[in-house]
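Being a predicted model, the structure only gives us computed values, none of them experimental. Indexing begins at 1, ligand by ligand and atom by atom, following the structure's order.
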Amino acid sequence: MSSATMIDDFATRVKAEGAGLISAWIGIPDPMFVNHLAQEAFDAVVLDMQHGMWDMASAANGIAQGRLAGKPVVARIPVGAFATASRLLDAGAAGIIAPMINSVADAEALVKATKYPPVGERSWGPTLAMNHSGLSGPDYLATANEKTVSIAMIETRVALEAADEILRVEGLDGVFIGPSDLSIALSNGAKLAPDTADMDAVLKHLVARCRAHGKFACVFGSNGERAGELLKMGFQFVIAGADTQQLRAGAASAIAAARSVQKS
Ligand code: 3PY
Ligand code: MG
């Protein structure tokens, strides 16, 4: 698959049952991180603007580095930052992940900001997105609603209870489960336990509800092994740990190797 196709077909690929995509997750706000991590066999890159440190300018440059490396870049916006979602799509993001979507009204606000009429009310101005894709204005307008994806995070007790109504919102393409927040919510703040059997039951239920509503299912995996388990559960798009943790694990392993050889 050519690099341009990998980006431009992202929406089609992630929507397919059994897509099995693995994405990088980057919170360190330097576009060069995208450049480096995109060399690995990731299918996509997520820029985390909720808990990571990206601002609009660095995120736009991160999206451009993804384009250079042939990888689609999806951005997670801060809670309720729907205006930022439109701007990220204008900068060429392949999709938006919106955290803490707790109701139909929240999901509709996301769709309103990220889809052009008649589905939503996204405002016109995708200058960088057109530069990156080579599409004319009319062609971008005709294809953007299909080619970019709007993803609602389900990660609270109320969102879990309202999952079917949220999944019914027209224009919403998929959901992304946040197992850390969901484990905190379901234990009333007692536990951070994203990788337990109890959580697996909730995750399997949500994958089934996504299938029933024709939406794709995404999830955060704490590490590579967990990402593999989540893919087996049927998630179409998974994270295999965050940049900060992968960076530190690489450093820790190099130090351990050096000390082990030194002592041998
Ligand atoms: C969660 O697990 O709560 C997330 O938002 C993933 O980072
Ligand atoms: Mg979360």
Subject >> Test log, rule side chain to side chain donor-acceptor pair (under 3.5 Å), inputs Ser58 and Asp55 >> reply: CA-CA 5 Å; Ser58 57; Asp55 60 15; 2.7 Å; yes

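Scanning the protein heavy atoms around atom 3 (O) of ligand 1, the nearest turns out to be Asp181 N, 2.9 Å. The closest protein non-hydrogen atom to atom 2 (O) of ligand 1 is Ser180 N, 2.8 Å. Protein heavy atom nearest atom 1 (C) of ligand 1, with residue, atom name and distance: Gly178 CA, 3.2 Å. The protein non-hydrogen atom at the shortest distance from atom 5 (O) of ligand 1 is Arg76 NH1, 2.8 Å.
Listed by atom number, the atoms of ligand 1 under 4.0 Å from Glu155 heavy atoms are 1 (C), 3 (O), 4 (C), 5 (O). Near Met153, with a cut-off below 4.0 Å to any heavy atom, the atoms of ligand 1 are 4 (C), 5 (O).
By the 4.0 Å N-to-carboxylate-O rule, Arg226 lies close enough to Glu229 to be salt-bridged with it.
Each of Arg67, Lys147, Lys71 was scored for a salt bridge (charged side-chain N to carboxylate O under 4.0 Å, His left out) with Asp8, with one residue passing: Arg67.
Residue Glu155 approaches the Mg ion (ligand 2) most closely through its N/O/S atom OE1. Take the N/O/S atoms of Asp181: the one nearest the Mg ion (ligand 2) is OD2.
Annotation: the span from Ile101 atom CD1 to Leu172 atom CG amounts to 8.0 Å, rounded to 0.5 Å. A distance of 9.0 Å separates CD of Glu155 from CD1 of Ile177, quoted to the nearest 0.5 Å. In this structure, CZ in Phe237 is found 8.5 Å from CG in Asp43, a value given to the nearest 0.5 Å.
Distances between N or O atoms of Pro179 and those of ligand 1 include at least one value under 3.5 Å.
When the shell of 6.0 Å around CD of Gln39 is examined, it contains more than 12 heavy atoms from other residues, nucleotides or ligands.
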